[in-house]
Protein chains: 2
Amino acid sequence: MRRMSRSPTTPPTLEDVARVAGVSRATVSRVINGTRNVDRKIQEVVRAAIDQTGYAPNRAARSLVTKRAGTIALVVSGAGEPGDEDAFAARVFSDPFFGRVASGVLGFLRTRGVHPVLMVADTEAAREDVLSFLRQGSADGALLVSTHAEDPLPARLVEAELPAVLFARPARPVPISYVDLDHQAGAKLAADHLVGRGCTQVATIAGPLDVPASQDRLTGFRDAMARHGFPYVPIAEGGFTSGSGEAAMERLLAEHPGIDGVFAANDLMAQGALMVLHKHRRLVPEEVALVGFDDSSPALACRPRLTTVRQPVEDMAAGMSRLLLDHVEEPGLRPRSVIFEPALVVRDSA
Amino acid sequence: MRRMSRSPTTPPTLEDVARVAGVSRATVSRVINGTRNVDRKIQEVVRAAIDQTGYAPNRAARSLVTKRAGTIALVVSGAGEPGDEDAFAARVFSDPFFGRVASGVLGFLRTRGVHPVLMVADTEAAREDVLSFLRQGSADGALLVSTHAEDPLPARLVEAELPAVLFARPARPVPISYVDLDHQAGAKLAADHLVGRGCTQVATIAGPLDVPASQDRLTGFRDAMARHGFPYVPIAEGGFTSGSGEAAMERLLAEHPGIDGVFAANDLMAQGALMVLHKHRRLVPEEVALVGFDDSSPALACRPRLTTVRQPVEDMAAGMSRLLLDHVEEPGLRPRSVIFEPALVVRDSA
DNA sequence: GTGAAAGCGCTAACAT
DNA sequence: ATGTTAGCGCTTTCAC
């Protein structure tokens, strides 16, 4: 009987391939997984049979026995605004920073045949979903990019003994692996540059102060300025968005009209600040020098292009992924952290 | 013997729950899946047992029998630049447009307990990976956002009879479902608005002309302008990036210094155009009116804020997801298309 | 309404 | 070097 290539047929299984090749299932399994030695001749026969049948191993069946899903969860967690369930996702996915994280994660994972499942944990229900997704074995571990300090997810992950790695040091101490940047060093780079070009009235637009990264950038900046002989640095707090950067810059200008240098804790806020500066007819960098943080796409889209502190987000994301796969392979592994170094990228705004 | 709650233990299975509850596996399965009638009393006992054991159903085992993965692939396909494997991912993930797609997809999928696996198909190997991921049953179908015209993936998906839905009409006809926007209507909105405010020398910055959406926006714009009595519309082609928008605006200004209105085929290019206009000291909207397309985040971040044609990307992404789940549930379903309507959002740039 | 039992497709001992 | 076989944890007839 001729087998039609048109479908309603069930897909071929190992059994089918074995029959066609005239060997046992085990042998076929071996050539597919490259485990053990299999005779050259036989390997060829099996491969031919695989091509002929169009066989593709069933993942569920494989996972069932190997206890590996071959996927990990890429979780963005934060506080969803009650009422508008999707606002959080919308905001985070439109942030170029997250795009870089995703890109770095994918770039590394694709070399290991692992795939990321995108999840948003902005409500208690969503957090439960993440946890159960992992407990079900749907993913072998979680990569967590947390956007707010009180996030309970890291602790829950640890408690459930699920492999997980964070993008940044958690706000409250939790025995969990993470990658991070030396934010203080980055802020120092900005301070040195601003002072180096002669600024004497320098202010800063800080990120949300409940986030450790914001804290560190602020502390690092203040310390460095103090060492340069400037004990007082005016600050305005923003929320890492362009709009909040605008508002912060307005406040700064109103209270300290003589400002000649600004360090914004990320590029998005710097972008906002730039527009306000322009509106007030302050020439950048001639009258006010501006340094951003991150070196994300807005830094290049701005005019003048932003001088900024580069955060190697893609590398960090790749490192985070590698760390996670280590934890997946070796469940006992102790928490580990990897800190990356920032670099100053001098462009036109300072 | 006391069972320690500390782990190296294997996770509880249906069997364990059944034993604790004093019923059969089948019954536990029934209360979990809400299938069939199960006695009230027994339901309670079972639920208690589930809580007590901390049971979570194993997805691989379930998938093996239901033949459903409970995940779908969200694939971004395009041409990767040879040499820099990750550049494509970096570019697409930093595009706010993609963020909106992801957000819309997630928003819908979370209501159905389905999770998206993020994939990039920028090389032949990556395309094969997508195909085999689906054939393996790792995902039940694919959502495809294609960024270039010659993408072979849609046809391959159809050929393999894998459930798939595209974000936009494919460049060459393929019997596949998709959602799309009425781009021509959107372009007409822009033309009408520009003419309505008195512009008489209007040009357009088009998207890459091998992409159907770009073609449609251009055609729609020209047609509408022609109907308003303007048979000739200067055009400059861009690549949907801010930088390409700048370059296009420069060319337009050089060749047609008298321009008083511009329609950019997306907001990113409009943003670039705005900076060039500003550099050339052309007041927007007083001297040159500018209309963008998409209504994505740059539209609000610009100064002046962009008047633009809104594309309901999140709704479209949700619609695409719904369509896919339909196809997954009913394999025989014929290809279907859903076209969304654009709307003009008037802000400050025109 | 509930239980018993037969697989789903695969890998990994264990035999040979 | 290859084959045999016993499950992995679940859903789903089929009896009762």
Side-chain angles (χ1 to χ4, degrees), chain A residues 9-47 49-50 53-71 113 132-140, chain B residues 9-47 49-50 53-71 113 132-140:
Chain A
T9 309
T10 58
T13 70
L14 250 202
E15 185 79 51
D16 298 326
V17 178
R19 195 173 328 109
V20 170
V23 297
S24 74
R25 292 207 310 266
T27 299
V28 178
S29 175
R30 282 171 192 131
V31 345
I32 288 174
N33 298 299
T35 148
R36 258 18 216 259
N37 294 340
V38 176
D39 188 279
R40 293 300 245 173
K41 301 274 185 196
I42 299 208
Q43 287 204 32
E44 282 170 32
V45 176
V46 170
R47 285 198 210 292
I50 290 176
T53 53
Y55 172 75
N58 178 306
R59 264 261 236 195
R62 180 179 286 179
S63 292
L64 187 53
V65 31
T66 62
K67 277 140 175 28
R68 281 282 154 61
T71 73
S132 86
F133 193 74
L134 292 165
R135 275 196 304 251
Q136 285 180 135
S138 301
D140 299 324
Chain B
T9 309
T10 58
T13 69
L14 251 201
E15 184 79 50
D16 298 326
V17 178
R19 193 173 329 107
V20 171
V23 297
S24 73
R25 295 208 306 268
T27 299
V28 179
S29 175
R30 283 171 191 132
V31 345
I32 287 175
N33 298 298
T35 151
R36 264 7 225 253
N37 294 340
V38 176
D39 188 277
R40 293 301 245 171
K41 301 274 185 199
I42 298 207
Q43 287 203 32
E44 282 170 31
V45 176
V46 170
R47 288 200 209 290
I50 290 175
T53 53
Y55 171 75
N58 178 306
R59 266 258 240 203
R62 178 178 286 179
S63 291
L64 188 54
V65 29
T66 61
K67 274 134 178 30
R68 280 283 154 63
T71 72
S132 85
F133 193 75
L134 292 166
R135 276 197 303 252
Q136 285 181 139
S138 300
D140 299 324

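The model shown is predicted, which means the values in this text are computed figures rather than measured ones. Lettering follows sequence order; numbering is per chain, from 1.
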Grab the [atom1]-[atom2] distance between [X] and [N] for me, whole Å please.
{"X": "Arg19(A)", "N": "dT4(D)", "atom1": "CZ", "atom2": "C1'", "result": "17 Å"}
{"X": "Asn37(B)", "N": "dT2(C)", "atom1": "CG", "atom2": "P", "result": "9 Å"}
{"X": "Arg68(A)", "N": "dC8(D)", "atom1": "CZ", "atom2": "P", "result": "18 Å"}
{"X": "Gln136(B)", "N": "dG9(C)", "atom1": "CD", "atom2": "P", "result": "14 Å"}
{"X": "Asp39(A)", "N": "dT2(D)", "atom1": "CG", "atom2": "P", "result": "5 Å"}

Check whether any side-chain nitrogen or oxygen of Lys67(B) sits under 4.0 Å from OP1 or OP2 of dT11(D), and answer yes or no.
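So the side-chain polar atoms of Lys67(B) never come under 4.0 Å of the phosphate oxygens OP1 or OP2 of dT11(D).
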
Phosphate OP1/OP2 of dT2(C): any Thr27(B) side-chain N/O under 4.0 Å:
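For dT2(C), OP1/OP2 do not have a side-chain N/O of Thr27(B) under 4.0 Å.
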
Ignoring hydrogens and geometry, is there a side-chain-to-backbone donor-acceptor pair from [X] to [Y] under 3.5 Å?
{"X": "Thr53(A)", "Y": "Val20(A)", "result": "no"}
{"X": "Ser63(B)", "Y": "Arg59(B)", "result": "yes"}
{"X": "Asp140(A)", "Y": "Arg68(A)", "result": "no"}

Nucleotide N/O to protein N/O under 3.5 Å, stretch nucleotides 10-12 of chain C:
residue, atom, partner, partner atom, Å
dC10(C), OP1, Tyr55(A), OH, 2.3
dC10(C), OP1, Asn58(A), N, 3.1
dC10(C), OP2, Leu14(A), N, 2.4
dC10(C), N4, Arg25(A), NH2, 2.9
dT11(C), OP1, Asn33(A), ND2, 3.1
dT11(C), OP1, Arg62(A), NE, 2.7
dT11(C), OP1, Arg62(A), NH2, 3.2
dT11(C), OP2, Ser29(A), OG, 2.8
dT11(C), O4, Arg25(A), NH2, 3.3

With Val28(B), the side chain to side chain contact (heavy atoms under 4.5 Å, CB included) member among Asn33(B), Asp16(B), Val23(B):
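So the option named by the test is Val23(B).
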
How close do [X] and [Y] get, counting heavy atoms only, and between which atoms?
{"X": "Leu64(B)", "Y": "Lys67(B)", "result": "O-NZ, 3.8 Å"}
{"X": "Ser138(A)", "Y": "Ala69(A)", "result": "O-CB, 3.4 Å"}
{"X": "Tyr55(A)", "Y": "Thr13(A)", "result": "CE1-C, 3.4 Å"}

Counterpart residues, salt bridge (charged side-chain N to carboxylate O under 4.0 Å, His left out), relative to Arg25(B) (two or more places apart)
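Testing Arg25(B) for salt bridge (charged side-chain N to carboxylate O under 4.0 Å, His left out), a comparison that skips the adjacent residues, returns Glu15(B).
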
Estimate the overall bend of the helix from dG1(C)-dC16(D) to dT16(C)-dA1(D) from the end axes over five pairs each, rounded to 10 degrees.
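Its terminal axes enclose an angle near 30°.
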
